[in-house]
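Following this message is one structure expressed as structure tokens.
Numbers for residues simply follow the sequence, beginning at 1. Start at 1 and go down the list; that is how both ligands and their atoms are numbered. All values below come from the heavy atoms of this structure, side chains included, with hydrogens, waters and symmetry mates left out.
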Amino acid sequence: MRIVRDPAEMARLTERWRGRGERLGFVPTMGALHAGHASLIRRARASDRRVAVSIFVNPTQFGPKEDLSRYPRPFAADARLCRKEGVDALFHPAPAAMYPPGSSTFVVVEGLSDVLCGANRPGHFRGVATVVLKLFNIVRPDDAYFGEKDYQQLVVIRRMVRDLDLPVRIVGCPIVREPDGLAMSSRNAYLRPSHRALAPLIHAGLSAAARGGRSAGGVVAMARRRLAAIPEAELDYAALVDPDTLAPARTVRPGLRLLAAVRIGRTRLIDNVIIS
Ligand code: PAF
């Protein structure tokens, strides 16, 4: 596995693969890799001749009071996981290589970026869309793989790709859960044991509401009730939305997404389930 820090070198490497007609799958990450990331890499391995992973803790998607400085960066363990999963190239640029002094261009996916998680994290999706577009321009993948846990992020990226005619196929991959239902996330490491024990109640509450509500309002009300009842938790939002536009649903139908963000202690967790 090649570890590449220089964007120009990464671009040259993938250019060589493209020249040989080798299909390239790309898994962009911020590191602290877990089984959810491994499932994205395996999905890429199944479809693409070459697989590249990026590890870049992107400063532009963190708010001033968020966890940029304490975000976990276990690079050696991450590289081991990538090697074990058969990754061909691991792109690990320095912040100054991605954002040279004077960088002032951003991508904003209007309408999708300031609702739900975006309402509480102003600028977050602007940072995500900007870095993902930059990574796509450097890596030029055929396919890019994103987890459905960050469902709004997936919708924002799909829209950006469509609106800007980017030649990449976006593949959404199912959420990977711990045995007790907690969605895998790099931020789960922040949870102290008593909060970790409460965290699976998020998925349990969403699943119960998705099964039990008879109307759109009923589903959302039940989700809010269940999530607000988790001890030491603060509900940020629960919403039943159209899977492509994130518009609030007026009636229940299969395929809608029930999304939520909940803060347990200082850790903000997100999760979602599909209405089946
Ligand atoms: O989901 C993530 O890990 C990040 O938001 C991403 C897509 C790598 C952009 O920094």
Report task. Please determine if Gln61 has a nitrogen or oxygen closer than 3.5 Å to a nitrogen or oxygen of ligand 1. Result ->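 There is such a contact, yes.
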Report task. Give the residue and atom name of whichever protein heavy atom lies nearest to atom 5 (O) of ligand 1, and the separation in Å to one decimal. Result ->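 The answer is Gln153 OE1, 2.7 Å.
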Query raised in the report: Has ligand 1 got any nitrogen or oxygen that is less than 3.5 angstrom from a nitrogen or oxygen of Asp150?
Result: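 For ligand 1, there is no N or O atom that lies under 3.5 Å from one belonging to Asp150.
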Query - Interfacing atoms of ligand 1 (cut-off 4.0 Å, heavy-atom, Val131) - result: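 That gives atoms 9 (C), 10 (O) of ligand 1.
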Query raised in the report: Do Ser186 and Met30 come within less than 4.5 Å of each other through their side chains, counting heavy atoms only?
Result: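 Result no, sub-4.5 Å side-chain heavy-atom pair not found.
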Query raised in the report: Is a salt bridge present between Asp236 and Arg263, judged by a nitrogen-to-oxygen distance below 4.0 Å?
Result: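 A salt bridge is absent here (no side-chain N lies under 4.0 Å from a carboxylate O).
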Requested in this report: Kindly indicate, with the supporting measurements, whether the criterion side-chain hydrogen bond (donor to acceptor under 3.5 Å, both in side chains) is fulfilled by Asn58 and Tyr99.
Outcome: CA-CA 10 Å; Asn58 172 36; Tyr99 297 107; 2.7 Å; yes
Query raised in the report: Counting N and O atoms only, with roles assigned by atom type, does the side chain of Arg73 sit under 3.5 Å from a partner on the main chain of Tyr71, one being a donor and the other an acceptor?
Result: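 Yes; judged by distance alone, with no hydrogens or angles, the pair exists.
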Requested in this report: Look only at the side chain of Lys149 and the backbone of Asn272, and say whether a donor-acceptor pair between them is shorter than 3.5 Å.
Outcome: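 Not a single qualifying donor-acceptor pair exists.
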Requested in this report: Examine the proximity of ligand 1 to Thr29 and report which part, side chain or backbone, both or neither, has a heavy atom under 4.0 Å away.
Outcome: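 The answer is the backbone.
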